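Comments concern the structure below.
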Amino acid sequence: MPPVDDLPEQLRVRRDKRARLLDGGTDPYPVSVPRTASLAEVRERHAGLAAGEETDDVVSVAGRVVFQRVTGKLAFATLQDGDGTRLQVMLSLAEVGADALAAWKADVDLGDIVSATGRVIQSKRDELSVLASAWQMATKSLRPLPVLHKETSEETRVRQRYVDLIVRPEARAVVRTRAAVVRSLRTSFDALGYLELETPMLQTLHGGAAARPFATHSNAFDIELYLRIAPELFLKRAVVGGLDRAFEINRNFRNEGADSSHSPEFAMLEFYEAYADYDVMAARTRGLVQAAARDALGCAEGAEVAVLADGSEYDLSGEWTSLSMYPSLSEALGTEVTPATPRADLVGHAERLGLGVKPTASAGKLVEELWEHLVGDHLVAPTFVRDFPLETSPLTKSHRSVDGVVEKWDLYVRGFELATGYSELNDPVVQRERLEAQARLGAAGDDEAMPVDEDFLRAMEVGMPPAGGVGMGIDRLLMALTGLGIRETILFPLVKPEA
RNA sequence: GCGCUCCUAGCUCAAUUGGCAGAGCAGCUGACUCUUAAUCAGCGGGUUCUGGGUUCAAGUCCCAGGGGGCGCACCA
């Protein structure tokens with residue numbers, strides 16, 4: 001902070017006012033101020049007063065000043081609560097006295113938080129108001145509020161979310177919707193008999209997903225640690241231990257690109273259920289998402305339709321369509337593709353479509369990329385895409401009847417991947433082979449390949465019951481339900497430091 | 001990481017071909033006892049993102065850097 005002399009005029013003026021209050025013996029930041037009711041409570045209690053009607057109900061309210069209208073002997077201010085509720089405060093010379101009115105005019109700026117005490121009345125122009133007999137500064141704001149009638153820049157919204165929350169109703173709404181979604185998920189899991197677990201965020205090996213990790217260091221143990229990219233390997237250990245229905249909602253960290261649907265840290269839901277398979281998990285997932293739409297958006301059962309930020313509607317109700325990866329890719333490509341299709345043919349298809357082919361890409365990876373390009377990018381309605389190539393899913397059980405694919409689905413919603421579900425691999429010998437193959441990829445330079453986690457394999461050797469598992473991005477669930485970009489669903493998303 | 005584009009008053013934005021940096025809101029002073037983004041009159045407020053360069057003259061053109069947005073790549 002530069003010296004006071006160099007501050008912009010408006011910041012200096014407010015600092016001067018703060019100093020003047022202190023000089024006059026008034027604390028601009030008192031420990032407490034009178035407050036007997038929230039603004040919403042006053043509105044609720046006195047709904048429907050006639051214009052000009054006065055009550056004897058004396059209340060003390062507090063809120064941030066968002067508008068001021070000052071006439072000679074009568075001043076109006078609109079206070080705003082944290083939930084966005086607004087209420088008018090009136091200060092009339094006759095009611096509050098000359099000194100208090102003069103002090104108000106001299107000391108109160110937009111953005112200050114004030115307390116006012118007085119009778120609840122309806123103004124002559126029909127606005128519910130507190131007619132103050134006394135007022136007190138609760139918090140002097142030293143920074144001017146942005147204009148309330150134009151959107152702040154996207155950068156200010158994200159960098160100064162505290163301002164965004166004051167100024168933009170939609171910002172307040174997202175926070176509440178997100179909390180309602182998470183609460184709904186917990187309620188759903190509770191009803192299904194699931195236990196909520198917390199597993200390590202700091203891990204000695206990064207496993208459970210294909211992603212580059214953030215690395216860090218433990219001073220106490222003098223070892224390298226990774227911020228987790230997924231909780232999967234620990235939740236499976238929990239299932240081995242008999243926690244048959246387990247879920248975790250917590251942060252994952254992936255050291256990769258950031259855009260409108262990717263954040264370096266993101267909230268992940270994973271849940272595992274013993275004696276279930278990927279079909280059961282698909283049904284569970286649909287149930288969770290639809291319940292979240294009901295609980296957070298107020299949809300009726302069977303009518304789970306989200307109204308998105310752009311005003312369009314998105315229907316999440318009923319059964320969702322399913323399609324299989326290889327057949328749907330074959331159809332889109334106009335030629336048969338199976339797990340037996342030679343890699344060279346797949347490379348040919350990719351090149352013909354103008355897709356870049358990494359030399360290290362396996363046949364399975366190429367199938368996934370072709371599928372995403374030709375089919376996935378065009379999916380709008382909620383769709384389960386089933387039966388993935390084996391090579392790209394090292395933790396998933398091979399399909400019970402189709403050779404060369406695994407029992408994995410991806411749930412696509414509005415064109416992005418919302419969740420992924422599996423029949424979990426529990427054959428420890430096959431699991432070891434798969435992880436060792438991953439390790440060879442890692443040694444060959446694939447920085448997303450998983451290392452061999454011996455303790456995880458030991459747990460598998462103890463024996464995990466047949467189980468289904470699902471991972472779902474919480475931020476993405478919010479995106480699906482609101483139509484917002486990922487950074488709008490996260491209260492304080494990571495941003496580059498200001499210069 | 002690559003390409004395109006933007007960055008001007010506290011906030012949102014304007015500034016013609018390179019020719020005196022402006023508006024609305026906000027702030028300050030004054031008027032006003034029923035306003036609703038109050039109104040009216042007057043006044044102040046600028047490192048035009050940073051650093052170089054071209055030019056008589058740069059917000060504007062050129063180079064380098066920082067930050068934002070969009071697209072591509074990677075990822076969920």
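Owing to the predicted nature of the structure, the values given are computational and were not obtained by experimental measurement. Chain identifiers are assigned alphabetically (A, B, ...) following the order of the sequence lines, protein sequences preceding nucleic acid strands; residue numbering begins at 1 within each chain.
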Donor-acceptor pairs are to be reported for all side-chain atoms of residues 361-371 of chain A against protein atoms at under 3.5 Å, with residues two or more places apart or in another chain.
unit_1 : atom_1 : unit_2 : atom_2 : d
A:S362 : OG     : A:K365 : N      : 3.2
A:E368 : OE2    : A:T392 : OG1    : 2.4
A:W371 : NE1    : A:S328 : OG     : 2.9

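- Remark: A:F76 pairs with no residue by the ring pair (Phe, Tyr, Trp, His ring centres under 6.0 Å) rule, at least two apart or across chains.
- The stretch residues 78-92 of chain A touches RNA chain B through A:Q88, A:M90, A:S92, each having a heavy atom under 4.0 angstrom from the strand.
- Legend: residues meeting salt bridge (charged side-chain N to carboxylate O under 4.0 Å, His left out) with A:R168, ordered by chain and number and at least two apart, are A:D164, A:E488.
- A search for ring pair (Phe, Tyr, Trp, His ring centres under 6.0 Å) contacts involving A:Y226 returns A:H206, not counting sequence neighbours.
- Annotation: proximity of residues 372-391 of chain A to RNA chain B (heavy atom, distance under 4.0 Å) is found for no residue.
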Exercise for the section: Determine, for nucleotides 9-14 of chain B in 5'-to-3' order, which nucleotides have protein heavy atoms under 4.0 Å from the base (write B), from only the sugar-phosphate (write S), or from neither (write -). Expected result: -BBB--
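- Partners of A:F388 by ring pair (Phe, Tyr, Trp, His ring centres under 6.0 Å), not counting sequence neighbours: none found.
- When the side-chain hydrogen bond (donor to acceptor under 3.5 Å, both in side chains) test is applied to A:S153, the partners found at least two apart in sequence or on another chain are A:T156.
- Under the rule for a side-chain contact (heavy atoms from CB on, under 4.5 Å), the partners of A:T396 that lie at least two apart in sequence or sit in another chain are A:S393, A:V406, A:K408, A:Y422.
- When the ring pair (Phe, Tyr, Trp, His ring centres under 6.0 Å) test is applied to A:F247, the partners found at least two apart in sequence or on another chain are A:F189.
- Residues of residues 50-61 of chain A that place a heavy atom closer than 4.0 Å to RNA chain B do not occur.
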